Enquirer: 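A single structure is presented below for examination.
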Amino acid sequence: MPLAAEPDHTGGRRADIHPSAAPVGAPPSPSIFSSGFPMLIFIDFEASSLFSDSWPIEIGLARIEPDGTISQTGRLIRPDPAWSETAWSPESAEVHRIPRSALDDADPAADVARWATDAIGDAVLISDAPEFDQRWLDRLLATRPGAPTLRIQDFDNAAWTVFVESRAGISAALKAVYDTRARRRTTHRAAQDAADLAMSWRAGLRVLRRPGQ
């Protein structure tokens with residue numbers, strides 16, 4: 001996002017995508033992947049800006065179906081009245097190409113929050129930029145009284161947990177994940193970018209001969 005080496009919702013793209021070293025940061029809880037392949041939903045947001053009080057304008061979800069196909073869906077988000085209009089960035093709008101006026105006809109944030117929690121259920125959420133997407137997910141869910149707490153796992157840490165037996169080496173499955181990622185260009189539309197993560201994950205599963213998990 002703000003750094004060239006991170007997913008960037010303001011115009012960059014992830015740089016040097018390669019599983020040459022273990023990712024930095026805490027790995028997912030071992031219990032999450034204790035069975036190896038829980039139900040995953042890949043999540044992505046577009047946002048008003050990268051300001052500290054920024055808010056989500058689009059949410060995208062994608063998953064790998066049992067037959068190995070990728071399903072994806074997304075919603076534009078009408079800003080909640082409590083969200084500050086000063087957090088809208090014209091520079092970010094030039095990247096995602098979603099005009100502020102388009103959000104006036106979108107579903108209210110609280111309705112999107114309800115839809116998202118119903119769609120996600122008890123699946124594990126995966127993002128390539130959880131430090132940002134978690135903030136926007138929390139802001140979205142805060143508009144719905146009684147919404148559950150949903151935690152997002154880091155894509156890289158999850159891939160290293162699932163696709164390699166040891167962080168000392170690179171597996172063919174992990175290489176397939178990152179080779180696929182390197183071929184996918186960030187579209188800056190939430191549903192498609194979430195689907196791209198799912199496609200990369202599926203590439204690793206296919207090496208393990210588990211296309212529908």
Side-chain angles (χ1 to χ4, degrees), residues 1 6-9 12-15 17-19 23 28 32-33 35-47 56-77 95-98 106-107 112-130 132-134 136-137 140 150-164 171-213:
M1 290 192 168
E6 294 294 329
D8 187 346
H9 288 252
R13 59 170 305 197
R14 193 177 183 103
I17 298 175
H18 194 278
I32 291 175
F33 293 101
S35 62
F37 300 93
M39 171 60 72
L40 304 180
I41 288 183
F42 300 86
I43 186 169
D44 187 76
F45 283 95
E46 296 302 324
I57 65 171
E58 185 179 46
I59 180 175
L61 305 173
R63 69 181 182 184
I64 305 170
E65 300 293 348
D67 64 358
T69 59
I70 305 293
S71 63
Q72 66 184 74
T73 185
R75 295 281 182 93
L76 289 175
I77 303 166
V95 175
H96 53 63
R97 298 186 182 279
I98 300 172
D107 291 333
V112 178
R114 185 174 297 105
W115 166 82
T117 53
D118 289 346
I120 293 165
D122 60 358
V124 175
L125 290 173
I126 302 287
S127 164
D128 62 349
F132 289 92
D133 289 335
Q134 186 69 62
W136 295 322
L137 177 61
L140 177 65
L150 300 176
R151 307 311 301 175
I152 299 175
Q153 302 296 322
D154 178 73
F155 180 93
D156 293 323
N157 280 323
W160 275 84
T161 299
V162 170
F163 293 114
V164 297
S171 69
L174 189 67
K175 184 176 185 301
V177 169
Y178 283 93
D179 284 350
T180 302
R181 283 217 65 197
R183 291 193 296 269
R184 310 294 302 184
R185 293 192 64 85
T186 301
T187 65
H188 296 290
R189 292 307 301 262
Q192 184 58 57
D193 287 346
D196 286 346
L197 292 178
M199 291 174 191
S200 299
W201 195 273
R202 181 181 62 183
L205 294 178
R206 284 177 167 170
V207 172
L208 300 181
R209 301 182 184 278
R210 297 174 182 265
Q213 294 182 304

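Given the structure is predicted, the values throughout are model-derived calculations rather than measurements.
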Enquirer: Going by side chain to side chain donor-acceptor pair (under 3.5 Å), name the residues that satisfy it together with Ser200, two or more places apart in sequence or in a different chain.
Expert: none

Enquirer: Sequence neighbours excluded, which residues qualify as side-chain contact (heavy atoms from CB on, under 4.5 Å) partners of Ala123?
Expert: Met39, Ile41

Enquirer: Judged by atom type as modelled, is there a donor-acceptor pair below 3.5 Å linking the side chain of Arg184 to the main-chain atoms of Leu197?
Expert: no

Enquirer: Do Glu58 and His96 have side chains that get closer than 4.5 Å, going by heavy atoms?
Expert: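 No, side chains not in contact.
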
Enquirer: Decide yes or no for Ile59 and Trp136: does some side-chain heavy atom of the first lie under 4.5 Å from some side-chain heavy atom of the second?
Expert: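 Ile59 does not reach Trp136 side chain to side chain.
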
Enquirer: Excluding sequence neighbours, so at least two apart, what forms side-chain contact (heavy atoms from CB on, under 4.5 Å) with Ala191?
Expert: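 Checked Ala191 against side-chain contact (heavy atoms from CB on, under 4.5 Å); matches are Gln72.
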
Enquirer: Mind checking what makes side chain to side chain donor-acceptor pair (under 3.5 Å) contact with Thr117, not counting sequence neighbours?
Expert: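 With sequence neighbours excluded, Thr117 shows a side chain to side chain donor-acceptor pair (under 3.5 Å) to Arg144, given in chain and number order.
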
Enquirer: Arg114: what forms a side chain to side chain donor-acceptor pair (under 3.5 Å) with it, not counting sequence neighbours?
Expert: Asp111

Enquirer: With sequence neighbours excluded, tell me which residues meet side chain to side chain donor-acceptor pair (under 3.5 Å) with Gln192.
Expert: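 Testing Gln192 for side chain to side chain donor-acceptor pair (under 3.5 Å), a comparison that skips the adjacent residues, returns Asp196.
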
Enquirer: Taking Asp193 for its side chain and His188 for its backbone only, find out whether a donor-acceptor pair lies under 3.5 Å.
Expert: yes

Enquirer: Contact between Phe163 and Val207 at the side-chain level, heavy atoms closer than 4.5 Å - yes or no?
Expert: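 They are not in contact (no side-chain heavy atoms under 4.5 Å apart), so the answer is no.
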
Enquirer: Would you say Gln134's side chain and Gln153's backbone share a donor-acceptor pair under 3.5 angstrom?
Expert: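 No, the answer is negative, given that no donor and acceptor are paired below the 3.5 Å cut-off.
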
Enquirer: With heavy-atom distances below 4.5 Å as the criterion, would you say the side chains of Asp107 and Trp115 are in contact?
Expert: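 No - every pair of side-chain heavy atoms lies 4.5 Å or more apart.
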
